[in-house]
2 protein chains.
Amino acid sequence: MTAAAIDTPKRPRGRPRKTLDERDEGNRRLELVKAAARLFRRKGFDATSTRDIAAAVGMHSGSPFYHFKSKGDLLYAVMEQGMQWALDRQAKVLADEEPAAEQLRRLIRSHFDTLHGPGRDFIPVMLYESRSLTTRQRNGIADLQRQYEAAWVPVLKALSRSGQLRTDASLARLLIFGALNWSVQWFDAKKSASLDKITDAAMALFIREDLQ
Amino acid sequence: MTAAAIDTPKRPRGRPRKTLDERDEGNRRLELVKAAARLFRRKGFDATSTRDIAAAVGMHSGSPFYHFKSKGDLLYAVMEQGMQWALDRQAKVLADEEPAAEQLRRLIRSHFDTLHGPGRDFIPVMLYESRSLTTRQRNGIADLQRQYEAAWVPVLKALSRSGQLRTDASLARLLIFGALNWSVQWFDAKKSASLDKITDAAMALFIREDLQ
DNA sequence: CCTACCGATCGGTAGG
DNA sequence: CCTACCGATCGGTAGG
């Protein structure tokens with residue numbers, strides 16, 4: 001903290017008002033990320049051209065490179081944004097003290113919401129296009145994923161201790177995430193069972209009733 | 001059966017000896033499929049050029065198109081070959097009459113073998129690159145997948161009836177396949193537990209002891 | 001953010 | 001299966 005910082009005159013409370021230009025820049029950038037997420041999910045990263053993305057937001061072919069240094073940076077932005085939202089949703093769900101089984105149910109339901117809620121292309125892109133990241137980028141995403149998984153570990157350990165889960169917590173986590181994540185291959189909001197029902201099915205598959 | 005076929009003079013026993021040309025063509029074709037499987041898995045379909053594949057088997061850039069009409073046909077050949085081998089392995093494992101739980105264990109173990117046995121890039125490619133198939137090709141692969149899943153359905157239904165599986169068989173199949181297939185993302189023959197151990201973990205996660 | 005453009009790469013082909 | 005090649009597309013950039 002420098003003296004200059006201390007002496008800074010008080011600003012009005014709340015988030016500082018952005019200039020019109022700044023606000024537009026932020027919006028355009030987010031528009032690009034959203035359009036990229038949708039296209040990367042539908043066609044894959046390699047099969048999506050930066051021209052496709054530009055056209056989707058009404059820009060000309062070179063303009064995305066004003067906002068992002070490279071196509072790969074745009075991919076990274078999609079994944080980072082997706083993980084940030086997923087972490088936010090997950091944090092909201094874990095507020096109270098509850099039995100471990102109920103906590104797991106909430107985590108699973110929130111995870112399905114992250115995967116299949118309306119407009120949620122970001123995490124599927126992350127799950128299927130990580131190969132196209134640089135090593136540095138992959139490490140950045142891996143950090144966010146570790147944060148996300150950290151909420152699951154104590155819950156699974158508790159269930160393992162109580163006998164409601166009959167598998168070593170670490171392998172259980174991998175297998176359970178697999179079962180959930182794989183749903184991006186088959187879940188169809190119009191045809192599949194509801195996310196609540198699928199959450200019930202997953203719980204019934206993995207967890208035994210309380211054995212007291 | 002035509003008269004000509006009936007009258008065909010006896011040939012020597014065993015597989016008919018191919019001419020040198022035929023043998024070479026078959027071998028070269030399979031070489032291409034194997035090299036394509038490895039590259040498609042490592043770099044993805046779009047990021048692999050037909051030149052990469054040609055170089056991997058010591059051909060020049062245009063030559064793969066002597067064996068395959070298009071890059072897409074080569075992708076289809078990889079997936080079809082992978083499914084054929086997977087069906088063969090699965091059929092061998094289901095010979096005897098056994099309790100449903102033991103049958104499921106064998107199916108799971110065979111599935112892990114199909115996913116992770118040495119040189120088994122074919123099925124991972126199928127799981128992750130289906131988007132690049134034409135509709136007709138996708139239908140062809142879907143047929144083979146239905147054959148493959150057909151062996152699992154009665155086993156899961158039996159376990160559901162006996163109470164060893166507490167989930168509707170059809171949702172259970174999707175979740176279980178997810179848990180198994182997702183292992184292509186994390187399994188590492190050098191670092192992970194053995195396939196036998198992971199099979200045990202999966203069984204313990206999904207299946208309750210016999211309740212008699 | 002647009003205009004105009006470049007160098008590289010790609011799938012595929014004709015002709016042998 | 002090789003040689004030589006084509007048209008198309010792509011990520012990215014300079015200059016405004």
Side-chain angles (χ1 to χ4, degrees), chain A residues 18-79 125 129 131-134 136-137, chain B residues 18-79 125 129 131-134 136-137:
Chain A
K18 285 184 176 174
T19 70
L20 261 179
D21 267 11
E22 276 171 332
R23 218 168 50 210
D24 280 341
E25 282 219 1
N27 284 344
R28 293 304 271 165
R29 192 186 148 95
L30 186 56
E31 274 180 64
L32 278 169
V33 174
K34 284 180 176 173
R38 187 156 14 96
L39 288 163
F40 288 163
R41 173 159 199 194
R42 192 187 330 146
K43 315 205 300 172
F45 176 72
D46 286 312
T48 300
S49 71
T50 54
R51 283 163 173 82
D52 292 336
I53 299 167
V57 299
M59 285 181 185
H60 287 225
S61 75
S63 301
F65 296 97
Y66 171 76
H67 297 275
F68 292 92
K69 253 184 50 201
S70 69
K71 189 188 175 189
D73 282 7
L74 190 41
L75 176 63
Y76 182 75
V78 168
M79 297 186 183
V125 167
E129 304 291 347
R131 184 168 41 196
S132 298
L133 296 175
T134 66
R136 184 187 309 279
Q137 288 175 324
Chain B
K18 286 183 174 172
T19 69
L20 262 178
D21 267 11
E22 276 172 333
R23 217 168 51 211
D24 281 340
E25 282 220 1
N27 283 345
R28 294 304 270 165
R29 193 185 147 94
L30 185 57
E31 274 180 64
L32 278 169
V33 174
K34 284 181 177 173
R38 188 156 15 95
L39 288 164
F40 288 163
R41 173 161 199 191
R42 193 188 328 147
K43 315 204 301 173
F45 175 72
D46 286 312
T48 300
S49 71
T50 54
R51 283 162 171 83
D52 292 336
I53 299 166
V57 300
M59 285 181 185
H60 288 223
S61 74
S63 302
F65 296 97
Y66 171 75
H67 297 275
F68 292 91
K69 253 184 51 199
S70 70
K71 190 188 176 190
D73 282 7
L74 190 42
L75 176 63
Y76 182 75
V78 168
M79 297 187 182
V125 167
E129 304 291 347
R131 185 168 39 196
S132 298
L133 297 175
T134 65
R136 184 188 310 279
Q137 288 175 324

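Since the model is a prediction, treat every value here as computed from it, not as a measurement. Below, chains carry the letters A, B, ... as their sequence lines are ordered, and counting in each starts from 1.
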Report task. Could you run through nucleotides 9-16 of chain C and give me one letter per nucleotide, 5' to 3': B if any protein heavy atom sits under 4.0 Å from the base, S if only the sugar-phosphate is that close, - if neither? Result -> -BBBB---
Report summary line: Output field dot_bracket for DNA chain D (Watson-Crick or G-U, both distances under 3.5 Å, | for other-strand pairs) contains ||||||||||||||||
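- For the pair B/His67 and B/Leu74, the minimum side-chain heavy-atom distance is 4.5 Å or more.
- For A/Phe65, the side-chain contact (heavy atoms from CB on, under 4.5 Å) test picks out A/Thr50, with sequence neighbours left out.
- Legend: residues meeting salt bridge (Lys or Arg N to Asp or Glu O under 4.0 Å) with A/Arg38, ordered by chain and number and at least two apart, are absent.
- Every side-chain contact (heavy atoms from CB on, under 4.5 Å) that A/Thr134 has, sequence neighbours left out, goes to A/Arg136, A/Gln137.
- With sequence neighbours excluded, the residues that form a side-chain contact (heavy atoms from CB on, under 4.5 Å) with B/Ser49 are B/Arg51, B/Asp52.
- Atom pair B/His60:NE2 and D/dC2:P shows a separation of 5 Å (rounding to whole Å applied).
- Here the side chain of B/Ser63 pairs no donor or acceptor atom with the backbone of B/Met59 at under 3.5 angstrom.
- Counting only distance, with no hydrogens or angles, the side chain of A/Lys34 and the backbone of A/Arg29 share no donor-acceptor pair below 3.5 Å.
- Under the 4.5 Å side-chain criterion, counting only non-hydrogen atoms from C-beta, A/Arg28 is not in contact with A/Tyr66.
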